[in-house]
Amino acid sequence: MFVKHCMNSQFTLLGSAKYCMLASSAVIRRQQFLIRTLGGYTDQTHLKRMQQTKAMSGTAFEADSENILRAITPNLDPSKHKGQAGKIAVIGGCREYTGAPYFAAISALKIGADLSHVFCTKDAAAVIKSYSPELIVHPILEESYSIRDEDKPSISSKVLAEVNKWMERFDCLVVGPGLGRDPFLLDGLFLVTDSLDLVSGYPLAVLTPNVNEYKRLVEKVLNCKVDDHDAHEQLLSLAKGIGSITILRKGKSDLISDGETVKSVSIYGSPRRCGGQGDILSGSVAVFLSWARQRLSAAEGDLPISKINPTVLGCIAGSALMRKAASLAFQNKKRSTLTSDIIECLGKSLEDICPAI
């Protein structure tokens with residue numbers, strides 16, 4: 001997915017943990033299995049990994065994520081009107097994939113955005129609407145199966161005109177969740193990889209690639225393989241090579257670069273790798289990027305974060321909150337943790353850092 005922030009609006013276009021247990025006898029294995037079943041092993045393992053990650057966070061690249069969250073999250077002000085806390089739009093969703101755009105859009109609302117729109121295909125609209133009445137759903141995209149080849153140019157122009165008339169109303173766009181690979185739609189980052197000029201040189205664009213998407217970007221831009229031993233420098237080169245856009249590379253530690261600097265977020269999240277967490281992240285980054293720009297424009301350079309790119313601030317905040325919510329959800333649900341459980345923990349996780357009152 002990619003998040004891209006317009007001049008008036010923004011468009012904003014995660015790793016695994018494995019456990020290995022060796023035992024010298026069948027009795028020990030059964031004892032360990034019993035402990036794990038009752039939850040003791042899982043709780044201790046989760047706590048231990050949280051402590052290990054906390055120790056890792058003292059590196060030179062580690063972002064001060066909690067203070068950044070406090071600095072850019074706006075206070076609740078009764079004098080403000082609807083929309084001033086953020087208007088987010090998600091472009092995505094087709095017949096096969098209705099969950100991804102919903103996860104991104106509802107996450108934005110759960111964090112504190114006022115309005116969240118979804119622009120999707122007609123087949124996906126009713127399904128996405130059924131997930132939540134809080135979302136404003138626009139069924140205007142089309143898939144190849146429903147249109148004739150000779151009609152594609154005119155329909156494409158119609159769709160673009162319909163989307164375009166809404167663009168100035170939004171602070172940030174999230175492009176790609178659930179678009180799939182239909183040639184008339186195309187997934188956001190899949191399309192960007194083939195047409196880098198779509199985002200190259202745009203300072204408010206953010207890419208949030210998964211493992212395979214990142215691999216394709218590195219091979220296309222740097223003409224080499226992914227180098228995990230020199231991950232920071234490679235990410236810096238990649239972001240610079242695409243015109244100094246911001247890239248959030250998801251992994252055991254999330255790495256963020258705008259081509260000028262590299263920051264990491266190593267807060268321990270969850271060993272549960274249920275699908276949809278990247279969609280939560282993209283919705284989160286969209287909100288925090290919007291808030292960061294608002295905060296920096298109002299601060300007039302008197303904040304400690306004033307010299308940091310708002311796209312980097314948004315990525316740091318979105319990554320940190322996503323990880324905290326995942327950790328909290330896992331503590332409660334363990335192996336049964338789902339993306340919806342993580343979404344329900346976003347509000348409490350932010351409240352623990354930035355109390356509303």
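This is a predicted model, so every value here is computed, not measured. No hydrogens, no waters, no symmetry mates; every other heavy atom, side chains included, goes into these values.
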Indicate every side-chain donor-acceptor pair of residues 98-110 with a distance under 3.5 Å to a residue at least two apart or in another chain.
unit_1 : atom_1 : unit_2 : atom_2 : d
Thr98  : OG1    : Tyr131 : OH     : 2.7
Ser107 : OG     : Phe103 : O      : 2.6
Lys110 : NZ     : Glu344 : OE2    : 3.3

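- Taking 4.5 Å as the limit, every side-chain heavy atom of Phe61 sits out of range of all side-chain heavy atoms of Ser253.
- Screening residues 71-96 for ring-ring contact (aromatic ring centres under 6.0 Å, His included), with sequence neighbours left out, gives no hits.
- Other residues sharing the hydrophobic cluster of Leu115, ordered by chain and number and joined by side-chain separations under 4.5 Å: Ile136.
- Counting non-hydrogen atoms of other residues, nucleotides and ligands closer than 6.0 Å to NZ of Lys152 gives a total above 12.
- Lys333 meets the side chain to side chain donor-acceptor pair (under 3.5 Å) test with Asp341; sequence neighbours excluded.
- Between the CD1 atom in Ile247 and the CG atom in Leu238 there is a gap of 3.5 Å [rounded to 0.5 Å].
- Using a distance-only test at 3.5 Å, with no hydrogens or angles considered, no donor-acceptor pair links the side chain of Arg295 to the main chain of Pro74.
- Applying the side-chain hydrogen bond (donor to acceptor under 3.5 Å, both in side chains) test to pairs two or more places apart or on separate chains, those with a residue in residues 345-356 are Lys348-Asp352.
- Judged as a ring-ring contact (aromatic ring centres under 6.0 Å, His included), not a single pair has a partner in residues 332-357 (not counting sequence neighbours).
- Every residue two or more places apart in sequence or in another chain was checked for a salt bridge (Lys or Arg N to Asp or Glu O under 4.0 Å) with Asp227, and none qualifies.
- Asn75 is linked by a side chain to side chain donor-acceptor pair (under 3.5 Å) to nothing, counting only residues two or more places apart in sequence or in another chain.
- Among residues two or more places apart in sequence or in another chain, the side chain to side chain donor-acceptor pair (under 3.5 Å) test is passed with Asp228 by Arg249.
- A donor-acceptor contact shorter than 3.5 Å links the side chain of Ser130 to the backbone of Val127.
- To the nearest 0.5 Å, the span separating OG on Ser270 from CE on Met322 amounts to 8.0 Å.
- Counting only residues at least two apart or on different chains, no side-chain hydrogen bond (donor to acceptor under 3.5 Å, both in side chains) pair has a member in residues 83-95.
- Here His117 pairs with His138, Trp166, Phe170 under the ring-ring contact (aromatic ring centres under 6.0 Å, His included) rule; sequence neighbours left out.
- A donor-acceptor pair under 3.5 Å links the side-chain atoms of Arg272 to the main chain of Thr337, judged by distance alone.
- In this view, Lys165 and Glu162 satisfy the side chain to side chain donor-acceptor pair (under 3.5 Å) rule, not counting sequence neighbours.
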